[in-house]
Visitor: 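I am attaching a structure below and will ask some questions about it afterwards.
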Amino acid sequence: QVQLVESGGGLAQPGGSLRLSCTVTGWSLDDYAIGWFRQAPGKGREAVTCIRSSDGISSDATSYADSVKGRFTISTDSAKNQVYLQMDSLQFEDTAVYYCAADRDFRSFTVYSNARNYDYWGQGTQVTVSS
C-alpha cells in the first residue's frame, strides 16, 4: 500500500522560507497524483499544489493555488522517493498543518483541488509563520 510521511515543518518569520518533504513508499507502476494541502485552525482543508507522477515520483506537470503561485514550488526526487514543497516569502496566512496526499491513476488537475479525490494521506506537519 502507498504510505506518505511529511517532515520539515516548523517556525518561520514572515518573508522566510521552509521546505517540506513527503516520503512516499509502496509505489506501483500506476500514474499518480501527489498533492499538498493545508488546514488552518477553524478552516477546511485547502489545496495548495499538485504534481503528476508515474513510474515512481517523477513529473514536471504541476498545478498551484492562486494564493501560493510564485511563492511555493512542488518538486520530486525519484531516487529518494520524495516530494518537496519549497515555501518562500512566507506570510502569516500560510500558518497551517500541511499534508501530502496521493491518488492512484491520475485523472485531471481540476479534480485534485478537492481533498475527497485523494486515496492516501500523511499525518501532517505544522508550519507556523510568526514574528
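These values consider heavy atoms only, across backbone and side chains, with no hydrogens, waters or symmetry-generated copies.
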Visitor: Would you say that T73 contacts Y64 through its side chain, given a criterion of any heavy-atom pair below 4.5 Å between the two side chains?
Guide: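 Of all side-chain heavy-atom pairs linking Y64 with T73, at least one is under 4.5 Å.
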
Visitor: Do V24 and Y32 make a side-chain contact, defined as non-hydrogen atoms from C-beta onward lying under 4.5 Å apart?
Guide: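 V24 does not reach Y32 side chain to side chain.
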
Visitor: Quick one: do V127 and V68 end up in the same hydrophobic cluster if we chain Ile, Leu, Val, Met, Phe, Trp and Tyr together by side-chain heavy atoms under 4.5 Å apart?
Guide: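 Looking at the clustering, V68 is in the same group as V127.
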
Visitor: Show which side-chain atoms of residues 89-97 pair as donor or acceptor with protein atoms under 3.5 Å away, not counting sequence neighbours.
Guide:
unit_1 : atom_1 : unit_2 : atom_2 : d
D94    : OD1    : R38    : NH1    : 2.8
D94    : OD1    : R71    : NH2    : 3.1
D94    : OD2    : R71    : NH1    : 2.8
D94    : OD2    : Q91    : N      : 2.7
T95    : OG1    : F92    : O      : 3.1
T95    : OG1    : V129   : N      : 2.9
T95    : OG1    : V129   : O      : 3.4

Visitor: Quick one: closest heavy-atom pair of G10 and L18, and the distance?
Guide: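 Answer, listing the atom of G10 first, then L18: O-CD1, 3.8 Å.
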
Visitor: Examine Y99 and L85 and state if one hydrophobic cluster contains both, with Ile, Leu, Val, Met, Phe, Trp and Tyr joined whenever side-chain heavy atoms are less than 4.5 Å apart.
Guide: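 In one cluster with Y99: L85, no.
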
Visitor: Can you tell me how far the CZ atom of F72 sits from the CG atom of L20, to the nearest 0.5 Å?
Guide: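 Rounded to the nearest 0.5 Å, the CZ-CG separation comes to 8.0 Å.
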
Visitor: Please answer whether the main-chain N or O of Q123 pairs with a side-chain N or O of E6 as donor and acceptor at a distance below 3.5 Å.
Guide: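 Yes, E6 side chain to Q123 backbone: donor-acceptor pair under 3.5 Å.
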
Visitor: State whether the side chain of Q86 and the backbone N or O of R19 hold a donor-acceptor pair below 3.5 Å, judged by distance alone.
Guide: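 No, the answer is negative, given that no donor and acceptor are paired below the 3.5 Å cut-off.
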
Visitor: Which residues pass the ring-ring contact (aromatic ring centres under 6.0 Å, His included) test with F106, not counting sequence neighbours?
Guide: F109, Y112

Visitor: Please examine the side chains of L11 and S130, heavy atoms only from C-beta on, and report whether any two atoms are closer than 4.5 Å.
Guide: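 Yes; the side chains approach each other to less than 4.5 Å.
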
Visitor: Taking ring-ring contact (aromatic ring centres under 6.0 Å, His included) as the definition, give me every residue that meets it alongside F37, ordered by chain and number, with sequence neighbours left out.
Guide: Y118, W121

Visitor: Using side-chain hydrogen bond (donor to acceptor under 3.5 Å, both in side chains) as the criterion, list what pairs up with Y84, not counting sequence neighbours.
Guide: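 Only Q82 meet the side-chain hydrogen bond (donor to acceptor under 3.5 Å, both in side chains) criterion with Y84.
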
Visitor: Would you say that I51 contacts T49 through its side chain, given a criterion of any heavy-atom pair below 4.5 Å between the two side chains?
Guide: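 No - every pair of side-chain heavy atoms lies 4.5 Å or more apart.
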
Visitor: I'd like to check the salt bridge (Lys or Arg N to Asp or Glu O under 4.0 Å) partners of R107; sequence neighbours left out, ordered by chain and number.
Guide: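 Partners of R107 by the salt bridge (Lys or Arg N to Asp or Glu O under 4.0 Å) criterion, ordered by chain and then number, come out as D103.
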
Visitor: Can you tell me how far CD of E46 sits from OH of Y98, rounded to the nearest 0.5 angstrom?
Guide: 8.0 Å

Visitor: Taking all non-hydrogen atoms of both residues into account, name the closest pair between A102 and V2 and its distance.
Guide: CB-CG1, 4.5 Å

Visitor: With a 4.5 Å heavy-atom cut-off, do T25 and N81 have their side chains touching?
Guide: no

Visitor: Please tell me whether I74 and V111 are part of a single hydrophobic cluster in this structure, the criterion being side-chain heavy atoms less than 4.5 Å apart.
Guide: no

Visitor: Taking atom CD as the centre, does Q126 end up with more than 12 heavy-atom neighbours from other residues, nucleotides or ligands that are less than 6.0 angstrom away?
Guide: yes

Visitor: Applying side-chain hydrogen bond (donor to acceptor under 3.5 Å, both in side chains), can you list everything that pairs with D119, at least two apart in sequence or on another chain?
Guide: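 With neighbours one apart ignored, the set is empty.
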
Visitor: Tell me, do K80 and S21 make a side-chain contact under 4.5 Å, heavy atoms counted?
Guide: no

